[in-house]
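The structure under discussion appears below in the form of structure tokens.
Note that the coordinates shown come from a computational prediction; the quantities given were computed from them, not determined experimentally.
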Amino acid sequence: MSETHADERETYDPAALQAKWLPVWEALDPFRADDALVDAGEREKRYALTMFPYPSGDLHMGHAEVTALHDVLARYWWQRGYEVLNPIGWDSFGLPAENAAIKRDEHPATYTYANIETQAGSFRTYGLSFDWSRRLHTSDPEYYRWTQWLFLRFRERGLAYRKASPVNWCPNDQTVLANEQVVDGACERCGAVVTKRELTQWYFRVTEYAQRLLDDMTQLEGRWPERVLTLQRNWIGRSEGAHVDFDLHLADGTTRVVTVYTTRPDTLFGATFMVVAADAKLAAEVVAPEQADALAAYLEETRKASDIDRLATDRPKTGVPLGITVTNPVNGEQLDVWASDYVLADYGTGAVMGVPAHDQRDLDFAKAMGLPVRRVIDTGADDPAETFVATTGDGTYVSSGPLDGLSDKAAGIRTILERLEADGTGRGAVNFRLRDWLLSRQRFWGAPIPIVHCPDCGEVPVPDDQLPVVLPDLKGADLKPKGSSPLAAARDWVEVPCPACGGPGERDTDTMDTFVDSSWYYLRYCSPGFTDGAFDPADLKRWGPVDQYVGGVEHAVLHLLYSRFFTKVLHDMGLLDFTEPFTSLLNQGVVINQGKKMSKSLGNGVNLGEQLDEFGVDAVRLTLVFAGPPEDNIDWADVSPSGSLKFLARAWRLAGDVTSEPGTDPARGDVALRRVTHRTLHETEALLEGMRFNVVVARTMELVNATRKAIDSGCGPADPAVREAAEAVAVLLSLVAPYTAEEMWERLGHEPTVARAGWPAVDEALLVEESVTAVVQVQGKVKARLEVAPDVSEADLEAAALADPAVVAAIGDKSVRKVIVRAPKLVNLVVG
RNA sequence: GCCCCCGUGUCCCAACCGGCAGAGGAAGCCGUCUUAAAAACGGCGUGGUGCGGGUUCGAGUCCCGCCGGGGGCACCA
């Protein structure tokens, strides 16, 4: 026997299996999603999507993990009889390719498409169940034609517009960034400290959808990770408050109205000053002439301060007086107006009322400037004017006119709002932290913005039939960042006739943020090759929305928020019948090594290619899936690819040991083994639905162990139950280790492919145990175990428990006060 | 400063609604086979679930307070 094993082990060669089966699968093409089968109602659809990769170099450990996890579910759905759409493509516009092109003096497409081919080859070897026929690249003109088309549709609806405003500027990448791409004051991509610039840029009006982006999260509750929902909620940042109008008295004797936004209108009687954002237009407009120089100097100072400095919480408050006053609408008091950088120009109205007693920031400012502090809510705490600790809790209103005596914040707010509304000086208001999405970039390798600027007609959209606006052929040095788009230098590309009047015009020279490309790619997969629009609504009716999306949490407020926005807009355009693109979301963990993120400087990187060479595709995939819950990080130092390889060889060997013929009826097989097989299949169904893939692997290992035991020391290799078990192992492994599973399937006498063999039917009768062990507890401590029938009645179980000698002894002379029976598993006796 | 998640054997991890704490793997040790080793096969698991309280007949699981780790937000008025 051992000799046979040794010989067989010689032939378990992962590399040979890969070489053998890959071409067979390529020929069979078993994972092509068939529209017709879904339309005919023969199969129910499932849309499985993994976040498409960026083509930088070859695949790495992260790609291996996310796709291995994703593939388990996609393959399970196929086995369960669904028609599965599981497409793949590349997010192939972007800076790394452009930077590489500059370095190598070539076109970014050279680097991009070479990497795509490398990655595609690696994905194929990796044995993923992708439908390759729908492959797309966002940098293909056939793709970005529709990105441009969508931009124009958004613009028609007033959702894409151009405005001048201070924007985030990355001095290293020489381009503007969206708010979402600035992390802790630094560029999300390169880490350079972000500065501000006043520029005219294109925006998507995401803020118009803020409320719906918030409301529709109820659809995602329980299906998206809670922390992603929390992140998005915080990012959208809805707050309720009021707009309050103050009369502002200009130096020239005229008056204008300035509105502030506040969440605490009930503290209006405590306002002792007003602060305007130093960089807001308002400040420059209202400043008294004698203070204009001071404001300009201050502004210069704050511009130099980076966002990093601004973020420091202990940063002292600074500001300048504007030499003017406003009138508090509720009590007629004259308040000085200041300019400061602690007030943000682009939130609310860019102006706030200073209530130092009840807002710490205002209090810090008042302290720095020597401004009065007036308490209007007595919370029982010491007076903020003395402690310099603002009180923000509930208390009794004092010195607050109509509010005096009230002691409830909600009532205070309601009362003051009624008063303001009656006077016409204020009203309830809602504000969002979310800003519009700045989409233009001063870089080359992206989709050109399809607009022509005409001196006579202004912004003119490029007509649909002239799309795509194709990138000019620039390379190398032409792409060097110079603070304006490299496209601007391509004069013969820029200069075009105005599509409206035919006069001389110039193309917009910015390109779109690559997040625009990825905001709709999941729609294009459903309509590859469609030429009358970005996608065919009928295709989306069939496949949409995505049932399961798998990818990293780093996109929580970037890609995922933008995609939700796009979906809602397209829904409003009547092109989609759903409002949320991704029904269910899984954020996989990251692969680390020795407790730390892999990095070159630490030298702890694990090379995917080397792991695949050493252990084979299946063992690496199995290791990643088995390591732990999918959302947990995987420390490569904690896992054992060699252990995975050992297990796969063990499973594979089972198939060779089976001596019964294919098609043997398992009904006459060993019942004990059959029970294990069917219980395993039954349990793994629930585990797979719940994405507990690591436990699925553990259950499969148990089944392999049980089958091994049956062959060696149980019913023997000829028993039909052994065949049934080995075939179940092959199907289970087809989700994780496709090559090993395929080889097992062949050795068991079947035709490829095991991936489409179908999930074995579970025999309910085999899920019921012959007998179960019931425990009998006295005072919660186990005193006896009873073998009972699974369907034992509570009364019988109780009687059996009370008759057990060990139980009788444990009770002794005490009386039984209470009996808890949970048939068939437990009896607990409370005595005393 | 605020919010969220996690803490189970040497390590990675299981444990449905609260119901015998231990499924699976790694490492280690012992055995069978072997001249030997490897491989294969078989065997070996008191830590009571970070700490302290509480609820309950019964708590890893629920509640409260700590400690430790991870993540997010942070002048958003």
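To the nearest whole angstrom, the two C1' atoms, one in B:rA26 and one in B:rU34, are 26 Å apart. A distance of about 24 Å separates the P atoms of B:rA59 and B:rC5, rounded to the whole Å. Taking atom C1' in both B:rC33 and B:rG47, the straight-line distance is 35 Å, to the nearest Å. Remark: the separation of the P atoms in B:rG18 and B:rG71 is 32 Å, to the nearest Å. Nucleotides B:rC51 and B:rG60 have their P atoms positioned 11 Å apart, rounded to a whole Å. For the P atoms, the distance from B:rC17 to B:rC73 is 32 Å, rounded to whole Å. Rounded to a whole angstrom, the distance from the C1' atom of B:rG42 to that of B:rU35 is 23 Å. B:rG68 and B:rA36: their C1' atoms are spaced 50 Å apart (whole Å).
If you check B:rC73, B:rA77, B:rG19 against the side chain of A:Leu231, the one that comes closest is B:rC73. For A:Asn694, the side-chain atoms get nearest to B:rA14 when compared with the rest of B:rA14, B:rC41, B:rG19.
Pair assignment for B:rG1: B:rC73, on the basis of Watson-Crick or G-U wobble contacts that are both within less than 3.5 Å. In this structure, B:rA40 forms a base pair with B:rU32, meeting either the Watson-Crick or the G-U wobble geometry with both donor-acceptor distances under 3.5 Å. The partner of B:rG65 is B:rC51, judged by Watson-Crick or G-U wobble contacts that both fall below 3.5 Å. If you check B:rG24 for Watson-Crick or wobble pairing at under 3.5 angstrom, you find it paired to B:rC12.
Looking at A:Asn828, its side chain comes within 3.5 Å of the base of B:rC57 through a donor and an acceptor atom. Residue-to-nucleotide contacts include no donor-acceptor pair under 3.5 Å from the side chain of A:Arg227 to the base of B:rG72.
Within the 4.0 angstrom heavy-atom criterion, only backbone atoms of the sugar-phosphate kind lie near A:Asn705; the bases stay farther away. In this structure, A:Arg238 reaches neither bases nor backbone, as no heavy-atom distance under 4.0 Å exists between it and the strands shown. As judged by a 4.0 angstrom heavy-atom cut-off over every strand, A:Thr230 is placed among residues making no nucleic acid contact. A:Val830 comes within contact range of the sugar-phosphate backbone alone, with a heavy-atom separation under 4.0 Å but no base atom that close. Within 4.0 Å (heavy atoms only), A:Thr773 reaches at least one base atom of the nucleic acid. Within the nucleic acid shown, A:Asn431 has no heavy atom closer than 4.0 Å to any nucleic acid atom. Using a 4.0 Å heavy-atom criterion, one finds that A:Gln360 contacts no nucleic acid atom at all. No contact: A:Arg817 has no heavy atom under 4.0 Å from any strand.
In this structure, A:Asp346 atom CG and B:rA77 atom C1' are separated by 13 Å, rounded to whole Å. The nearest whole Å value for the distance from the CD1 atom in A:Ile820 to the P atom in B:rG19 is 14 Å. Rounded to a whole Å, the NZ atom of A:Lys783 is 14 Å from the C1' atom of B:rG58. Taking atom CG on A:Asp635 and atom P on B:rC6, their separation rounds to 20 Å, with Å as the unit. Atom CG in A:Asp638 sits about 7 Å away from atom P in B:rC13, given to the nearest Å. Taking atom CD1 of residue A:Ile634 and atom P of nucleotide B:rC13, one finds them 10 Å apart after rounding to whole Å. In this entry the distance linking NZ of A:Lys709 with C1' of B:rA23 reads 14 Å, nearest Å. When the C1' atom of B:rC13 is taken as reference, atom CZ of A:Phe693 falls 17 Å away, rounded to whole Å.
Regarding contacts with the backbone of B:rA26, a side-chain N or O of A:Lys646 is found under 4.0 angstrom from either OP1 or OP2. Distances shorter than 4.0 Å separate some side-chain N or O of A:Arg433 from OP1 or OP2 on B:rA74. The side chain of A:Lys825 places no N or O atom within less than 4.0 Å of a non-bridging phosphate oxygen (OP1 or OP2) of B:rG19. Between A:Ser239 and B:rA77 there is a side-chain N or O to OP1 or OP2 distance below 4.0 Å.
Along RNA chain B, the nucleotide nearest to A:Gln777 and the one nearest to A:Lys818 differ in position, and the one closer to the 5' end is contacted by A:Gln777. For the pair A:Ser644 and A:Trp235, nearest-nucleotide mapping onto RNA chain B gives the more 5' position to A:Ser644.
Counting non-hydrogen atoms of neighbouring residues, nucleotides and ligands closer than 6.0 angstrom, the NE2 atom of A:His243 exceeds 12 such neighbours.
Checked against the 6.0 Å centroid threshold, A:Phe273 and A:Phe365 count as a close aromatic pair.
Ion pair A:Asp712/A:Arg708 flagged as a salt bridge, since at least one NZ, NE, NH1 or NH2 atom sits closer than 4.0 Å to an Asp/Glu carboxylate oxygen. Using a 4.0 Å cut-off between a side-chain N of Lys or Arg and a carboxylate O of Asp or Glu, A:Arg435 and A:Asp346 qualify as a salt bridge.
In this entry the base of B:rC4 is anti relative to its sugar, with a glycosidic angle more than 90° from 0.
For the pair A:Lys317 and A:Tyr342, the distance from NZ or CZ to the six-membered ring centre is under 6.0 Å and the angle to the ring normal is within 45 degrees.
Taken from CG in A:Asp804 to CG in A:Leu829, the straight-line distance is 10.0 Å, to the nearest 0.5 Å.
The closest side-chain heavy-atom distance from A:Arg433 to A:Arg238 is not below 4.5 Å. The shortest side-chain heavy-atom distance between A:Leu688 and A:Phe693 falls under the 4.5 Å cut-off.
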